[in-house]
Amino acid sequence: MSDATAAEPLALYIHWPFCAAKCPYCDFNSHVRPEVDAGRHGRALLAELEHEAARAQGGSTRRRLASIFFGGGTPSLMPPDAVAALIARATALFQPEDDLEITLEANPTSVEAGKLRAFREAGVNRLSLGVQALDAASLGFLGRNHSAGEAVAALEHARATFPRLSFDLIYARPGQSMAEWRAELRRALSLAADHLSLYQLTVEPGTRFATEHARGAFRLPEDDEAAALYAATVEEAARFGLEPYEVSNYAKPGAESRHNLAYWRYADYLGIGAGAHQRLTRAGPEGFDVLAARRHRAPEIWLERVERDGHARVEEEALTPVERGREAMLMGLRLAEGVAPARIAARSGLGFDAVVDRAMLDALMEEDYLRWLPDGRLQATIEGRLRLDAILPVLLR
């Protein structure tokens, strides 16, 4: 790998693919099983971690580790001792940063909330709580297993247990009014206001909502309605000192998710577990390559392959320089800080104009969707970040 990349810390993602129930909007790699052999699955995660860590190291020097993120699925269904074992092994295999961020996703059911203290003792120092809504009708529509009361109780318990706390809400729900959203958001922010992930409800292919939406069971807000809700979100978050540092994420200064910043800044990351993806830099014929890999999605097949081979990678390819440049731009423009042409060059080996259509860039700047910052970064404006899905295909070569 390049010396510059070896000097950068990497991020580690660990996927637990099991849920108690499948939410109707969810297209993540999550599965409902009547029984899970948690011990066997935990041992397989450790084995795959060992295998991938050996490939990720820069010679005799251990790579630095900036963050660990337990995602899913529902990783708060994991035994806390399995979480502790994975943290201990990761911090032995890599050189942990002094301020290593260790996040675990959890749902605010009473069963999972009862385990929070054990996860804190295992080493988790940041909790991401999947609240999604704070009223009974919306929770029912979204297929959530917790009540509004459980959500509030879990937020309060988590705030008292973890030094850092984030939670998720879904907005632009059917029939949601501006007044209702503002009131719900204020209530949530008053309970826990360091970091907030706010996602606009979308209908993803293959989900139960896709089937129901196609037959007219519900209607989503029009684009202008959703944009107004987004603008209100920015206003309400600002009242509590949270700024939108990424399209869907808000934080007080210093409370940004360092793990997710690794993705958006296009740093190296390892992904362990069923269906996990990763990007890893290694020395190559043209200086360096970025290897894109993913693992088998089915938990049972993933498990069998890890026990047989030590890993369950099913795809791995070296991205072309143009692909690397495009990915770095796709991720970087989601950030309020923008993306520096020097970063594009460092991760792709190409000049800025080899990745970006300069004429289209100028046109998008005329429309006030993009702008250059004084420090030379390219930034999407608030209006531009609302339209990134339309902007990026025409901007990138």
Side-chain angles (χ1 to χ4, degrees), residues 19-32 72-74 105-109 128-155 166-193 195-240 242 244 246-250 334 382-383 385-390:
C19 286
K22 183 75 172 180
C23 296
Y25 55 85
C26 178
D27 67 341
F28 293 166
N29 187 38
S30 59
H31 306 265
V32 178
T74 308
E105 291 181 333
N107 288 324
T109 65
S128 179
L129 203 57
V131 173
Q132 313 309 3
L134 284 175
D135 69 273
S138 294
L139 288 169
F141 171 73
L142 294 170
R144 305 298 289 168
N145 283 342
H146 62 270
S147 68
E150 284 179 314
V152 170
L155 281 168
S166 178
F167 65 96
D168 300 353
L169 291 176
I170 294 175
Y171 72 99
R173 306 189 295 258
Q176 186 176 40
S177 73
M178 179 68 72
E180 289 169 340
W181 174 232
R182 285 186 183 272
E184 182 177 16
L185 191 52
R186 287 175 189 173
R187 183 184 182 199
L189 286 165
S190 70
L191 291 166
H195 188 283
L196 178 63
S197 297
L198 296 171
Y199 301 106
Q200 180 178 333
L201 180 61
T202 56
V203 174
E204 302 298 336
T207 63
R208 196 180 88 203
F209 270 2
T211 302
E212 293 177 356
H213 188 260
R215 69 167 188 257
F218 64 89
R219 184 188 75 84
L220 293 179
E222 300 294 336
D223 288 347
D224 57 344
E225 296 175 275
L229 289 167
Y230 181 84
T233 299
V234 174
E235 290 177 13
E236 295 298 337
R239 287 162 51 94
F240 289 83
L242 282 76
E246 189 269 345
V247 172
S248 301
N249 287 271
Y250 301 72
R334 295 183 62 87
I382 290 289
E383 289 296 315
R385 272 179 265 161
L386 281 171
R387 296 167 174 80
L388 277 179
D389 287 347

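All values reported here derive from a predicted model rather than from experimental measurement. Atoms considered below: every heavy atom in the structure, side chains included; atoms not considered: hydrogens, waters and symmetry mates.
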For the residue pair T202 and Q200, confirm or rule out a side-chain donor-acceptor distance under 3.5 Å. no
From [atom1] ([X]) to [atom2] ([Y]), nearest 0.5 Å:
{"X": "E204", "Y": "C26", "atom1": "CD", "atom2": "SG", "value": "9.5 Å"}
{"X": "K22", "Y": "H31", "atom1": "NZ", "atom2": "NE2", "value": "7.0 Å"}
{"X": "F28", "Y": "T207", "atom1": "CZ", "atom2": "OG1", "value": "12.0 Å"}
{"X": "H213", "Y": "L220", "atom1": "NE2", "atom2": "CG", "value": "4.5 Å"}
{"X": "L242", "Y": "E236", "atom1": "CG", "atom2": "CD", "value": "12.0 Å"}

Give the minimum heavy-atom separation between [X] and [Y], together with the two atoms involved.
{"X": "I382", "Y": "Y230", "result": "CG2-CE2, 4.1 Å"}
{"X": "L134", "Y": "A148", "result": "O-CB, 3.5 Å"}
{"X": "L196", "Y": "S166", "result": "N-OG, 4.2 Å"}
{"X": "A172", "Y": "A226", "result": "CB-CB, 4.5 Å"}
{"X": "A133", "Y": "S138", "result": "CB-CB, 3.7 Å"}

List the atom pairs, with distances to 0.1 Å, where a side-chain N or O of residues 139-147 and a protein N or O form a donor-acceptor pair under 3.5 Å, not counting sequence neighbours.
residue: R144; atom: NH1; partner: Y25; partner atom: OH; Å: 3.4
residue: R144; atom: NH2; partner: N107; partner atom: OD1; Å: 2.7
residue: R144; atom: NH2; partner: G130; partner atom: O; Å: 2.8
residue: H146; atom: NE2; partner: V131; partner atom: O; Å: 3.0
residue: S147; atom: OG; partner: G149; partner atom: N; Å: 3.4
residue: S147; atom: OG; partner: E150; partner atom: N; Å: 3.0

Would you mind listing every salt bridge (Lys or Arg N to Asp or Glu O under 4.0 Å) that reaches into residues 169-180, with sequence neighbours excluded? D135-R173, R173-E184
State, yes or no, whether a side-chain contact exists between [X] and [Y] at a heavy-atom distance under 4.5 Å.
{"X": "E235", "Y": "R182", "result": "yes"}
{"X": "E105", "Y": "S128", "result": "yes"}
{"X": "Y171", "Y": "L201", "result": "no"}
{"X": "F240", "Y": "L185", "result": "no"}
{"X": "L198", "Y": "P244", "result": "no"}
{"X": "L169", "Y": "Q132", "result": "no"}

Side-chain (Q176) to main-chain (W181) donor-acceptor, under 3.5 angstrom: no
D168: partners by salt bridge (charged side-chain N to carboxylate O under 4.0 Å, His left out), with sequence neighbours left out: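 D168 satisfies salt bridge (charged side-chain N to carboxylate O under 4.0 Å, His left out) with no residue once adjacent residues are dropped.
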Would one find more than 12 heavy atoms of other residues, nucleotides or ligands at under 6.0 Å from atom [atom1] of [X]?
{"X": "Y199", "atom1": "OH", "value": "yes"}
{"X": "D224", "atom1": "CG", "value": "yes"}
{"X": "D27", "atom1": "CG", "value": "yes"}

